[in-house]
Amino acid sequence: MRSRRTGLAVVLARRSAQGLGVAVLVSLLCFLVVRRLPGDAAYRIAAGRYGYDLVDQEAADAVRDELGLDRPAWQQLGSWLADALQLDFGRSLVTSRPVLDEVGYYLVGTLQLAAASLALAILLGGAVGVLAARRPGGVLDRIATGWVAGVRAVPPFLLGLLLVVVFSAQLGLLPAVGHGSASSIVLPALTLGVSLSGLIARVTRDAVVEVGQSDYVRFAHTKGLAERWVLLRHVVRNAAVVLVPYLGVQAVILIEGVVVVESLFAWQGLGHALVHAVFWRDVPVLQATALALALLIVTINTLVDLAVLWLDPRPRRLEAPA
Amino acid sequence: MTETARSPHRTDHLLSVPKAIVRHGSHTLADVADLRIEPGRALTIVGESGSGKSVLAHALMGTLPTELTAEGSMSIGPTRFDLADRRGRRHLWGRELALLPQEPSLALDPTMRVRQQVAEGAYGWRPRDAAALRLADERLDHFGLANAGSAYPHTLSGGMAQRVAYAAATIGGASILIVDEPSKGLDANALELLARLLDDHLAQGGLLLMITHDLRLARRIGGTVMVMRAATVVESGPAEEVLTTPAHDYTRQLVAADPANWSFPWMRRATASASGAEPGVPALVSAHSIAKTYGDRTLFNDVDIEIRAGERWAITGPSGVGKTTLGNVLLRLTSADRGTVVHAPGTGDGRLQKLYQDPGLSFPRRVSLQRALRDVMRRYEVPEARVHALLAKVGLSPSILQRRPTEVSGGELQRIAIVRAMLPRPALLFADEATSRLDLASQQATMDILMSELDEIGCALLMVTHDRAMASAVADRQLSLEVQP
C-alpha cells in the first residue's frame with residue numbers, strides 16, 4: 001500500500017512538471033508561428049473587428065497602436081507570459097471579451113465532444129475486440145480485422161462527410177451542423193468515436209486473447225468459476241492494464257481529430273476556436289486555445305497513469321529483477 | 001446433491017481410466033490403459049519432460065490445448081465421461097475435480113488480492129459473497145497464510161503462492177486433486193509444506209494424481225508410482241518398490257540421475273576438508289558487505305564471500321530471491337548498491353566465465369555455432385585442436401558446429417556453451433542454473449561433463465541453483481539466500 005501511495009505522488013509530481021514544461025514550450029512555439037504568418041496582423045485583426053469592407057490602413061494603424069503590435073517580439077512575448085502567470089490571458093483582439101471566458105466556453109464544448117467520442121470508441125472498439133477475441137482466426141475475428149482496417153483507412157473528415165450525407169441529407173435523422181440541440185453532438189461524436197474505435201478494437205482483441213491464454217485465467221476456469229465471472233473479474237481488468245496506457249497514446253489523435261471534426265460540424269469547441277483565431281490573427285485566443293489543448297493532453301495522460309496505478313498493483317521497475 | 005458436493009471429500013468413489021490416448025495430429029503423446037486412483041492412496045506419474053505425463057493429466061481434467069485430441073474414457077464412481085468431450089467435465093471443476101497448476105505464481109491474477117482469488121473458488125460463489133470470503137480467510141489461516149489475504153500475488157514467495165493456489169483450488173471441496181509438477185522452483189522447506197497438504201488431502205479420503213519429475217517428492221508422498229517414457233507406461237507399482245528396486249532399465253537411469261544418488265570421480269563429498277578456507281590459497285573474488293535492492297525490495301544485504309582458487313561454491317535459495325543477481329555482482333556484471341567486490345590480479349582476460357541458464361539466449365541465433373566459437377578462439381588465441389579436443393570430451397562431433405543454435409537440442413547447446421566457456425582456461429566459472437532446463441538424465445550427463453573438465457583444469461565453480469540436493473552433490477561450500485522481509 002505504501003508503494004502505491006508513493007506511486008501516486010510520483011505520478012502527480014512528474015505530470016505537473018511535464019504540464020508546466022509543455023505550457024511554456026507551446027506558448028513559445030505558438031508565438032513564433034504566429035509571427036511567421038504572412039500578411040499584416042493589424043490589418044487582419046481590424047478586418048475581424050469591422051469586416052473586410054470597412055477596413056482601411058487607418059483602422060489597421062489604430063489597431064497596431066492600441067495593441068502595441070509594433071513593439072519588439074520579445075517584449076510582446078514577455079508581457080503575455082507575465083500576464084499568463086497571473087492567469088490573466090487578456091482579451092480577444094476581435095471580440096474584446098476576456099480570453100479566459102471565451103476559452104472556458106469552448107473548452108466545455110470540446111470536453112463534451114471528446115468524452116462522448118471516447119466513450120463511444122471504447123464501447124464500440126471494446127465490444128468488437130472482445131467478440132473477435134472469442135475465437136482468434138474465426139469469422140468474427142476476420143470481420144473485425146476488416147472493420148479495423150476500414151475505419152483506419154477513412155480519415156475523419158471523409159467519414160464525417162459520409163455520415164452527414166447518409167444521416168442528414170438522405171435520411172434526415174440528425175442535424176448536420178450546429179451546437180444547439182442535444183442531437184447535434186451525435187454526428188461529430190460518431191465520426192471521432194468510430195475513427196478511434198479501430199485501433200482500440202485491435203488492441204483490445206490482442207490483449208483479451210493474451211490474457212485469455214494466461215495461467216491465471218485457466219486457473220480461474222478450473223477453480224469452477226463461471227465463464228462470465230472469469231471474463232468480468234480477470235480478463236477485463238488485466239486487458240485494461242494493457243489498453244488504458246494505450247488510450248493515453250491515442251489522446252494526441254483524439255485532440256487532432258477534435259480540430260478537424262469541430263470545424264467540419266461547426267461544433268463550438270477549442271478546435272473551432274483555434275481555426276478562427278488563426279484566421280483572424282487573434283493571438284491571445286490562439287495562445288490560450290493551444291495551451292488548453294496541450295494541457296488537455298497532459299491531463300488525459302495523468303488520468304491514464306492514475307488509472308493504471310489503480311488497476312495494477314505491481315511496482316513498475318526500471319530494471320528487471322535477475 | 002448439494003449436500004454431497006459440499007462435504008469436502010467423498011470416500012466411496014474411485015477414479016478409473018480404462019483407456020486414454022492423447023494425440024497431436026498423427027503423433028501419439030500419451031497412450032495409457034487401466035489407470036486407477038483410490039481414495040487415500042496417491043498415484044504419482046514420473047518421467048522426463050516430453051514423456052506425456054502432463055498431457056495425460058490435462059486429458060483427464062479436460063484442459064488439453066485445442067490442438068491436442070484425446071480419446072478414451074474415465075469413470076468417477078458410477079459416472080462415465082468421454083475424454084474426447086472437452087466440456088463434459090466442466091461442471092465438476094472446483095467441486096469434484098481440482099487442478100493445482102504448474103506455476104502457482106503465474107496462476108494467480110496479478111491485479112487481485114489473494115483473499116478474493118481464493119474465495120471465488122468456493123462452492124456456489126457469488127460476487128461480494130461474505131460467507132465465501134470468511135471461508136477463504138479460514139483456509140488461508142489454516143495454511144499459515146493468515147496475513148496474506150489482503151496481499152497481491154507479486155508480494156508472495158514461490159512457496160506462499162503455491163499454498164495460496166492450493167487453497168484456491170481446494171476451497172470448492174473437490175475430492176479429486178490433480179497436481180502438475182508442483183516442485184518447480186520450490187526449495188526443500190516449501191516442498192515439505194506442500195507435501196503435508198497433500199498428505200492431509202489423502203488422509204481425508206481424497207484422491208490424488210501427481211505429475212512430477214522429482215523422485216524425492218514421489219517417494220515422500222508414497223502410494224503408487226507410474227513411470228512414463230515416450231507416451232507409454234514402462235513400469236508401475238508401490239512407490240518404495242519402484243524407486244528403490246526398479247525393474248526397468250529406464251527407471252534405473254531415472255533413479256541414478258537424481259543428484260542425491262550421484263557418484264562421480266570428481267565429487268569431493270568424502271574430503272570435506274575443503275570447507276575450511278585454506279590460508280595459502282589466494283582469493284579470486286572477494287566481496288565485502290555487499291547489498292542490492294530492486295525497487296523497494298531488498299535482495300540481499302551485508303553479504304561477505306571469498307571465492308578461492310579451486311573452490312566449489314553454491315548459492316541456493318528459492319526462486320526470485322536474488323541468487324543470479326548475487327552471482328552477477330560477484331562477477332561485476334551488475335554493480336552492487338553498497339560494499340566492494342575485488343577481483344584478484346590475473347583474473348582478467350576472460351578468466352572469469354559465466355554459463356547461462358538458457359543457452360539459446362547466449363548464442364547469436366542466426367549465426368552458425370562455428371562462427372560464434374571462432375570469435376572466442378581469435379580473442380583468446382585458442383588453437384583449433386583444443387576446440388576439437390573439448391568437443392570430443394563433451395561427446396559432440398565437430399560437424400555439429402556447422403548448425404545454428406536453433407538446430408541443436410538444449411542439452412547439446414549447453415555442452416557447446418561449456419566448451420566455449422572453457423576456451424579461455426577460466427579460473428572461475430559461474431554456472432547460473434545451467435542445467436535447470438534439462439531433464440534429469442541430461443542434467444546428470446551435463447554436470448558430469450562440466451565438473452570433470454573443471455576438476456581437470458582446477459577451475460573454481462560458483463553455481464546458482466534452487467536444487468539443494470544438486471548443491472550438496474557438487475559444491476563444498478554453500479551460501480543460502482532467504483527471502484528478505
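Note that the structure is predicted; figures quoted are calculated from it, not measured. In what follows, chains are A, B, ... by sequence order, proteins preceding strands, each numbered from 1.
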[X] portion near chain A, given a 4.5 angstrom heavy-atom threshold:
{"X": "B:Arg90", "result": "side chain"}
{"X": "B:Ala165", "result": "both"}
{"X": "B:Gln102", "result": "neither"}

Give every donor-acceptor pair under 3.5 Å between a side-chain atom in residues 295-305 of chain A and any protein atom, sequence neighbours left out.
from: A:Thr299; atom 1: OG1; to: A:Leu295; atom 2: O; distance (Å): 2.6
from: A:Asn301; atom 1: ND2; to: A:Ile297; atom 2: O; distance (Å): 3.1
from: A:Thr302; atom 1: OG1; to: A:Val298; atom 2: O; distance (Å): 2.7
from: A:Asp305; atom 1: OD1; to: A:Arg15; atom 2: NH2; distance (Å): 3.4
from: A:Asp305; atom 1: OD2; to: A:Arg14; atom 2: NH2; distance (Å): 3.3
from: A:Asp305; atom 1: OD2; to: A:Arg15; atom 2: NE; distance (Å): 2.8
from: A:Asp305; atom 1: OD2; to: A:Arg15; atom 2: NH2; distance (Å): 3.0

Minimum-distance pair of heavy atoms, taken over all atoms of [X] and [Y]:
{"X": "B:Pro110", "Y": "A:Pro313", "value": "O-CG, 3.3 Å"}
{"X": "B:Leu108", "Y": "A:Phe219", "value": "CD2-CE2, 4.4 Å"}
{"X": "B:Glu120", "Y": "A:His234", "value": "OE2-NE2, 2.5 Å"}

Original post:
Roughly how far, to the nearest 0.5 Å, is OG1 of B:Thr63 from NE2 of A:His221?
Top reply: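 Here the interatomic distance stands at 11.5 Å.
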Original post:
Atom OG1 in B:Thr66, atom CZ in A:Arg135: separation rounded to 0.5 Å?
Top reply: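 If we round to the nearest 0.5 Å, B:Thr66:OG1 and A:Arg135:CZ are 9.5 Å apart.
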Original post:
Looking at B:Leu106, B:Asp109, B:Leu92, which one has more heavy-atom pairs under 4.5 Å with chain A than the rest?
Top reply: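 Top option by heavy-atom pairs under 4.5 Å: B:Asp109.
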**OP:** Specify which of B:Ala98, B:Gly327, B:Ala168, B:Pro65 makes the most heavy-atom pairs with chain A at under 4.5 Å.
**Re:**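 It is B:Ala168.
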Subject >> B:Met61 side chain reached by A:Thr222 side chain, heavy atoms, under 4.5 Å >> reply: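 Yes, at least one pair of side-chain atoms sits under 4.5 Å.
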Subject >> B:Met112 vs A:Arg237 side-chain heavy atoms within contact, under 4.5 Å >> reply: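 The answer is no; the side chains never approach within 4.5 Å.
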Original post:
Within residues 201-217 of chain A, which positions have a heavy-atom distance to chain B below 4.5 Å?
Top reply: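 So the qualifying residues are A:Asp215, A:Tyr216.
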